[in-house]
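Only one structure is covered here, and it is reproduced in the block below.
Note that the numbering runs from 1 along the sequence shown for the chain. In each ligand, atom 1 is the first atom listed, and ligand 1 is the first ligand listed.
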Amino acid sequence: MEVIVAKTAGFCFGVKRAVDKVYEQAKKGGAPIYTYGPIIHNEEVVKDLQEKGVRVIENRHELEELSEGTVIIRSHGVGRDIYRLIEERGLKLVDATCPFVLKIHRIVERESVNGKRIVIIGNDSHPEVEGIKGWCRDGATVIETEEKAREFTAEPGEKLCIVSQTTFNNNKFKNLVEIICKKGYDSDVMNTICSATDERQQEAARIAKQADAMIVIGGRHSSNTQKLFEICKKECENTYYIQTLVDLEPNTLPPVDCVGITAGASTPNHIIKEVQIYVRNEF
Ligand code: F3S
């Protein structure tokens, strides 16, 4: 049986950078170390860091209770209010926001100050989108579905600045933008989907097209893994979503000639390797 592993599977540049920064801080030791939200959507890594003394703060309220230590902002980024709060509480800040996300913060900050209405194509409850909204002067409109795009109306004379969540599906983004732009509004469209996501999605689709079965590895809550699954499922009916090797039962895969493997941006390399070895040996 042939096994094709996506070259783009696993940690992207931004996630690797963030995880490295946390390990770096943990190594230094000293004052308590916190990450604002789990550093990545991977329970195993978060647990390992916990054992090294890194604690996870779940929300603003918990941050308000702190009076010492280092707070690490993860690659998703946060709104301006969280930076302010960290400063007010006298805490040390380590900013691991992915530079691609920081770029979006700067765009929406500038354009909203210039009077534009910010439209974010993305998932409203995703922390990255929360963070982006936190840099818009008068809030933002978040659109995730065709239905919402069709319903959307701007005020007369209003100018729009449309950006995207970095991990959004490229084709879906183009489709939603087209629906909005057909309404004739004065819009600046910035496709801020990060190239790592786009390359990963394109490669996943390419492999899924030629494979008889496809395995997508990633955390349950990882939005980019969920998108990868959707993309692969469209090309290959036998697509399976697993978190680790444990989810792959001996009979999960039907007898096939070619299996493809890809993984979300928060999947550590050793998990991908384990799955790859298991598939090669057991099926
Ligand atoms: Fe950054 Fe793109 Fe990864 S935005 S965190 S490099 S998916």
Side-chain angles (χ1 to χ4, degrees), residues 6-25 35-46 49 56 71-79 82-83 93-109 118 120-135 140 142 144 162-174 189-205 216-232 241 262-269 271-272:
K7 290 191 183 71
T8 52
F11 283 5
C12 60
F13 143 81
V15 166
K16 185 174 184 311
R17 181 174 166 271
V19 172
D20 287 350
K21 275 188 195 267
V22 184
Y23 276 102
E24 225 171 78
Q25 291 297 321
T35 60
Y36 193 75
I39 192 72
I40 56 169
H41 293 297
N42 187 285
E43 286 159 25
E44 225 189 289
V45 175
V46 172
L49 283 166
V56 178
V71 179
I72 305 169
I73 294 176
R74 57 187 174 171
S75 58
H76 295 320
V78 293
I82 300 297
Y83 285 91
L93 167 75
V94 172
D95 193 353
T97 307
C98 177
F100 296 129
V101 177
L102 279 179
K103 191 178 127 196
I104 306 176
H105 291 174
R106 297 293 83 85
I107 292 173
V108 298
E109 183 184 24
I118 307 296
I120 306 166
I121 305 292
N123 174 346
D124 202 3
S125 55
H126 192 280
E128 180 192 324
V129 173
E130 287 278 318
I132 298 170
K133 282 195 287 186
W135 287 93
V142 182
E144 189 180 9
I162 306 176
V163 297
S164 170
Q165 182 180 343
T166 54
T167 49
F168 208 73
N169 178 303
N170 218 349
N171 290 334
K172 239 168 138 184
F173 173 78
K174 285 181 192 148
V189 180
M190 321 243 183
N191 184 338
T192 48
I193 294 176
C194 106
S195 57
T197 303
D198 198 26
E199 281 158 23
R200 188 192 308 266
Q201 290 174 351
Q202 283 188 28
E203 192 189 19
V216 180
I217 317 166
R220 225 177 339 198
H221 305 294
S222 155
S223 121
N224 78 88
T225 313
Q226 286 163 11
K227 298 263 159 50
L228 275 182
F229 176 75
E230 275 171 31
I231 290 167
C232 292
Y241 192 143
T262 188
S266 38
T267 309
N269 250 337
I271 297 184
I272 304 170

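For Asn191, the side-chain hydrogen bond (donor to acceptor under 3.5 Å, both in side chains) partners two or more places apart in sequence, or in a different chain, are Asn170. Judged as a ring-ring contact (aromatic ring centres under 6.0 Å, His included), and not counting sequence neighbours, Phe173 has no contacts.
Taking 4.0 Å as the cut-off between side-chain N and carboxylate O, Glu199 and Lys7 do not count as a salt-bridged pair.
Take a cut-off of 2.8 Å around atom 2 (Fe) of ligand 1: the protein N, O or S atoms inside it are Cys194 SG.
Listed for the Arg74 side chain is a donor-acceptor partner under 3.5 Å among the backbone atoms of Pro38.
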Mind listing the side-chain donor-acceptor pairs of residues 102-109 below 3.5 Å, one per line with the distance, residues two or more places apart or on another chain?
residue	atom	partner	partner atom	Å
His105	ND1	Trp135	NE1	3.3
Arg106	NE	Glu109	OE1	3.2
Glu109	OE2	Arg80	NH1	3.4

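Rounding to the nearest 0.5 angstrom, the gap separating the CG atom in Asn224 from the OG1 atom in Thr197 is 6.0 Å.
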